[in-house]
Amino acid sequence: MIALIENEMSKMFFKKKISLILILLIVFIGLFAYGEQYVYKSTLSRFSSASEGDSLDWTVLANQQLAILFERLDSPYIPESGIKSIEIEIKQLQYFILNDINPITPSAARFTVDFANQTITMFIPLLILILASDLVSGEFTSGTIKLLMTRAVPRWKILLGKYIALLMMTTLVILLIAILSTLIAGFYFDYWGFDEPMPTGFHLIEGTLDSSGVIMVSGLQYMFFIYALTWGVAVVIASITLMISILVNTTATAIGIILSTLIGGQFLQYFLSDWPIAKYFYVSNLNLSKYLTGSYQPIEGMSLAFSTGVLLSWLFVSLLVSFTVFIRKDILV
Amino acid sequence: MFSKYIWSFIFIVSIILMLIFISGYFISLSITAPKESRDESVFIDTLPSNKQNHDDIPAVPSLLVLGDSIAMGIGDSTGMDLGTRYATTYKEEKWHIVNLSVAGSETKAWVEYLQEDLYRHSVQSSSLIFISLCGNDLKKIVTSTTLLSQSEYDLLLTSYLDDLKIILGTIILFNPDTQVVFLGLYIPYGNAIEMQKIQFAFKWHYKTQILIEEYPTMVYIPLYDLFKYHLNDYLSADDFHPSSKGYQAIVERIHAVITTISE
């Protein structure tokens, strides 16, 4: 079994997939980081030209903001749900003032989180597609499936070996994304921000976003949560791609199908609030990280638990279909 | 190509990573899982003075102060809020002061605040209401560094007027008899801002006044003229909120307007 997995992984390495993914990641993360830095610089220059000083004195502004927040906290009449988020806002501001960091300075931790938020629905699934799309159909196209089948190993073991190898590669790719974006952003911005306080833990109560249960985590913990969710999405995409790749035999068709569901699914999201069935399509549930960041339009009945349930059922169904089809398939190459 | 050691290293690393990711996923799940939904009644009970001011209205008429930091009396060195200053200046009238203002609040927020029980009870039990509302909306627009186009200004104004309409309608609905005093705005910036923005602020005031005059029990009190030549001594150290002198002037003007009604 181990040998089978090893064999599959070495195939992926030999096909230079990892290096392709690496290059794509470096290019895109580099561009994103450059863009962020550029926007930051131009904001700074805009502010300093407006205040007629040579540099922006943000501590005055931050202290003022802090005073207003404390004032608001003192009022006994603010709704209870608002208290927690005000407290976290205060902690954040105090952290910035204490460490002498301008609140709008881009940090490596925030960049890494933002990168996952932006790419979780499209870019990361496409990277996984590179890994998974020809896992089975590639063997058909090149005819190597015959060599594989002539071994005295049951078919399910072959597929299981492929699947485990795919899962491992997916895991490594997610780690690679996290490490690369942290490193590139860290060297670009020269500020890591791993201990910067961040708010998370929003709930949906009766269809509105409720912030009473908000908790504060460090930048590092936040990254960890977001990338754990990203990993979950990647695993589901890998499994679905594996199923398609077994069903259609040709790599190009497999890629086409996954791509069109990904893009078509994005359009389907416009109907989410009115058309309940759209909630059960896997693409509608890919944006898991939004549940942690709390930056989304709440939709009745959609929560992290719901999305996980939907994605898990897609995962199990794809595995079931993959194994039954692969075991019974006539191989005519 | 790779030695056995490297393979086993990759295996172990990826399996450990998978476990870590799974645990992270579970933690995320538990973070976002909704707790037992909070009961509205619990929230109301924990708030102070809710039941009380509902009970002790009969003794003295209740003066309710709603709005932003100006209603709270921020900038006043004596620490009095608008209602307290009014009551201490005119001692012959006895008032029970309820100040429910929220510093930094914008008009939009008040549409929601008024839906809460606390605010409804307070409006129902009050016989005079001071409102200072749109300062933060206007401040945001006027102090922004960019000049907006005419249509953008109009859009902001219309959405503000819609909110204000709802707020005034709600107050009338809760308590049609109460006297409402709506404070206008002064412009604390002098000549430091563009003419276009000052004109917009005037238009804002004018539209607000038109809306308020639709209700016979509501009165709009302009403050611009009061502050125009007194920015030095009527503004507090932050150059934005009124000083205690400024508040005194506001209170005197309010009293001059409503003195005949309350008799």
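Chain letters run A, B, ... following the sequence lines, proteins first, then strands; residues in each count from 1.
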Self-check item: Between CG on residue B:L29 and CG on residue A:L229, distance to nearest 0.5 Å
Solution: 7.5 Å
Practice problem: Would you please test A:Y291 and B:I31 for side-chain contact (heavy atoms from CB on, under 4.5 Å) and show each step? | Solution: CA-CA 10 Å; A:Y291 295 118; B:I31 288 176; over 6 Å; no
Quiz item: Which atoms of A:L167 come close to chain B, meaning under 4.5 Å heavy atom to heavy atom: side chain ones, backbone ones, both, or neither?
Solution: both
Quiz item: What are the two closest non-hydrogen atoms of A:E6 and B:F11, and how far apart are they?
Solution: N-CZ, 4.1 Å
Self-check item: Minimum heavy-atom distance between A:L172 and B:I10, given as atom pair plus value
Solution: CD1-CG2, 3.8 Å
Quiz item: Where do A:F225 and B:S28 come nearest, in terms of heavy atoms and distance?
Solution: CB-OG, 3.7 Å
Self-check item: Gap between atom OG1 of A:T170 and atom CG of B:L17 - 0.5 Å precision
Solution: 12.0 Å
Self-check item: For A:F224 against B:S23, the heavy-atom pair lying closest together
Solution: CZ-OG, 4.0 Å
Quiz item: In this structure, are over 12 heavy atoms from other groups packed under 6.0 Å from B:K245 atom NZ?
Solution: no
Exercise. Please examine the side chains of A:T308 and B:Y25, heavy atoms only from C-beta on, and report whether any two atoms are closer than 4.5 Å.
Key: yes
Quiz prompt | Closest heavy-atom pair and its distance - B:S14, A:T171 | solution = O-CG2, 3.8 Å
Quiz item: Can you find a pair of side-chain heavy atoms, one from A:T230 and one from B:F21, that are under 4.5 Å apart?
Solution: no
Quiz item: Taking everything shown except B:Q115 itself, do over 12 heavy atoms lie less than 6.0 Å from its CD?
Solution: yes
